[in-house]
Protein chains: 2
Amino acid sequence: MSTQMGSQAVERASALLSLIVESGAPRTFSSLVDELGLAKSTTSRLLQALERSRLVHRDRTGAFRPGVLFLVHAARPSALHDLSELARPTMERLSELSRETVNLAVPRGNQVVQIDQVDSRYLIGATSWVGVDVPAHCTALGKVLYAYGALQLPPGDLECRTPHSPVDRRQFDHALVEVRRRGWAAALDELELGLAAVGAPVRAVDGTVIAAVSVSGPTSRVNDFGIPKLGDLLVAELRGLSALLGHHPARKEGVA
Amino acid sequence: MSTQMGSQAVERASALLSLIVESGAPRTFSSLVDELGLAKSTTSRLLQALERSRLVHRDRTGAFRPGVLFLVHAARPSALHDLSELARPTMERLSELSRETVNLAVPRGNQVVQIDQVDSRYLIGATSWVGVDVPAHCTALGKVLYAYGALQLPPGDLECRTPHSPVDRRQFDHALVEVRRRGWAAALDELELGLAAVGAPVRAVDGTVIAAVSVSGPTSRVNDFGIPKLGDLLVAELRGLSALLGHHPARKEGVA
DNA sequence: CCCCAATGTTCCATAACATGGAACCAGTGT
DNA sequence: ACACTGGTTCCATGTTATGGAACATTGGGG
C-alpha cells in the first residue's frame, strides 16, 4: 500500500480536526489520544499547531472545539451554497428519474430553509419554493427534519392548511416514528390540495441528519409514479450523497 | 525566535486551508503557491493531503474550496452557537456598561437572524427578539448588515412600522453611507415607537462583516446615555471581538 | 496537609518524513 | 507542430516529526 503519498503529519492533524468537528460535542485531549492511538506528545504538538492556526479552539474547560475558521465559514452567507453544489448531481439525477421538482433544504434556527431546487421537467409542476415560508409540518422536507431531530417541533397548535394537514400532535409524532422506520416521508395534499411531496434525509459522517431532499409535484402524477417507489429511490440516491459527506451507513465490505 | 515549536508541515497546510476558507471565492492552485511562497511540489502535496482528509474540495474547474468538513459544520444547527460563545464576554461587557439589552445577529439567506441576547439590567427593556421576524431595515442590526454588504436589501417597498421608519430607498441608501462612515448604525423609534437601538459590525479576518451586535432599550434611556457615545462604545468593544476572529484593523505596532 | 493519580507538556536522540529542484505530463493557444 | 502555462511525480538530502520518558500541573482523598 501507501504508494508513497507524503504528508503523514498533515493527515494526522486532519484526522484530529475531523474528529473534533464531526463530533458535535467538545472533545477532550485524552479522548483524542486514544481514539487515534497516537503518542500523547505527538497529539499535543499537532493540536498546538492547529490551535495556533485557529483551526481548533480550546475552551475554558480545556476541551477542543472547532476553531474560528469554521465559525467564520459558517457565518458566511455563502456557507450553504457549497452544499447545493455537492448535492447538484444527485438532485439532477433525481429530477431526471422522477421528472418532478427536486428540493434541498437544511434546518436553520427553527425553520426549514430551502437552499436549492431543480425544476420539474413538466410544464405543470411545483413552482419555486426557495425562500418561501411554509408550515414545516405540512411538508415532506419538514417531516424528515423533524423525524431525525434536525429540528424541534415548536410548541403550540399545528397550523392547518388543508383538510389533510396533520393537526393532532400525537398522530404527528406517530407519523414521525413511521418516517424513521421507512427512511422517507410523504406529504400528500397537506400543504396545498393537489400538491404532493416525498422526502428523505441527508446524513453527515456521524449519522446526524443535516439536510433533506424532496421530490414534489401534482398529487396525481406523484401517485402514478408510486409513493413508496419514490421514497426508496430517494433513499437510494441520497445514500450516495451522504457518502460524499463521509457517511458510511454500516459499511458493506464488498468492493475494496 | 522559533523556540522549537514543531509541526511545520501542519502549519503550512493550515495556512493553505485558511487562505482557501477565508477568501470567499475559490482559490486557484497557483494563487496559493505564490501567496505562500512555497515550492509547487510542496503545495501540491499538502493540498492533496488536505483533499484526502476532506478539508478542501477541488471543484470541476480545478479551484479549491472549503471541503465537506466545513459544510458539515456549517449545516449543523449548532454552528452559530459557537459564535455566541465567542461573543459572550463582549456582549456581557456591553450589557454591563449600557445596562440595556444586547443582541447578536448574523445574516442568513436574506434575513437577519438573532442568535444570542443578553437581557437588559432594567426591569423595562427590550424583550426577547431571538427568532422574531421583523423588517430588517427598521433595525440597527439590519442597517449594519445592509451597510456592509452582508445582506442585500430586497427590491420592493420598504415596510413601514412607525412614522419614523425609513421608507424612501434613496434616503435609506444615503443613511447606509453614513453608517459606513461612522462605523455604527442607529434606529430610533423606527421599528416600534419608544424602542431605540444602536448597532455595529463584527468583522472576520478578511474584513468581511459577518455579524452585528446591537444595544437596544427605551428611546428615552438610550438617548440619555447618548447615541454617539453608545455607537463608539460598540465599535470599540467589537474591535476586540473582531480581533478574536482574526481581524486586525490596520495593525497598530505598539505592544509586541 | 501531603501524597497519589490523572492529565498534559517539554526534552531529546533517532530516523522517518517532508522538502524543493528538476524532470515530466497534460492541456491550450498559435 | 511548438511553445507555454499549470500541475504532478521523482528523488537525494537533511530538516523536521516522532514517541518514550522525564517533567509540570492540577485535583482529589485520606
Any protein N or O atoms within reach of nucleotides 22-25 of chain C? Criterion: under 3.5 Å, listing atom names and distances.
none

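The distance from atom CG of A:Leu32 to atom C1' of C:dT7 is 13 Å, rounded to the nearest whole Å. Rounded to whole angstrom, the span from the CG atom of B:Leu16 across to the P atom of D:dG7 amounts to 13 Å. In this structure, CG of B:Leu36 is placed 15 Å from C1' of C:dT19, rounded to the nearest angstrom. Between B:Leu47 atom CG and D:dT9 atom C1' there is a gap of 15 Å when expressed in whole angstrom units. In this structure, CG of A:Asp34 is placed 15 Å from P of D:dG19, rounded to the nearest angstrom. Between the C1' atom of D:dG19 and the CZ atom of A:Arg12 lies a distance of 10 Å, rounded to the nearest Å.
Of the candidate nucleotides C:dT10, D:dT9, D:dA17, D:dA17 has the atom lying nearest to any side-chain atom of B:Ala9. Comparing D:dG19, D:dT9, C:dT19 by their closest approach to the side chain of B:Ser44 singles out D:dT9. For B:Thr42, whose side chain is taken as the heavy atoms from C-beta onward, the closest listed nucleotide among D:dG7, C:dG20, D:dG19 is C:dG20. Distances from the side chain of B:Ser30 to the nucleotides C:dG8, D:dG7, C:dG20 place D:dG7 closest. The side chain of B:Arg58 sits closest to D:dG7 out of D:dG19, D:dG7, C:dT19.
The side chain of B:Arg45 contributes an N or O atom lying less than 4.0 Å from OP1 or OP2 of C:dT19. Phosphate contact (OP1/OP2 of D:dT9, side-chain N/O of B:Gln48, threshold under 4.0 Å): present.
Toward the 5′ end of DNA chain C lies the nearest nucleotide of A:Phe29, the other residue of the pair A:Phe29 and B:Leu46 mapping further downstream. Residue whose closest nucleotide on DNA chain C sits further toward the 5' end, between A:Val10 and A:Ser31: A:Ser31.
Between the side chain of A:Asp34 and the backbone N or O of A:Gly37 there is no donor-acceptor pair closer than 3.5 Å. Of the possible donor and acceptor atoms, none in the side chain of A:Thr42 sits under 3.5 Å from a partner among the backbone N and O of A:Leu38. Judged by distance alone, with hydrogens and angles left aside, the side-chain atoms of A:Ser44 form no donor-acceptor pair with the main-chain N or O of A:Lys40 at under 3.5 Å. Listed for the B:Ser98 side chain is a donor-acceptor partner under 3.5 Å among the backbone atoms of B:Glu100.
With sequence neighbours left out, the side-chain contact (heavy atoms from CB on, under 4.5 Å) criterion links B:Ala236 to no other residue. Taking A:Ala147 as the reference, A:Leu176, A:Val179, A:Arg180 meet the side-chain contact (heavy atoms from CB on, under 4.5 Å) condition, with sequence neighbours excluded.
Side chains of B:Asp116 and B:Gln114: no donor on one and acceptor on the other come within 3.5 Å.
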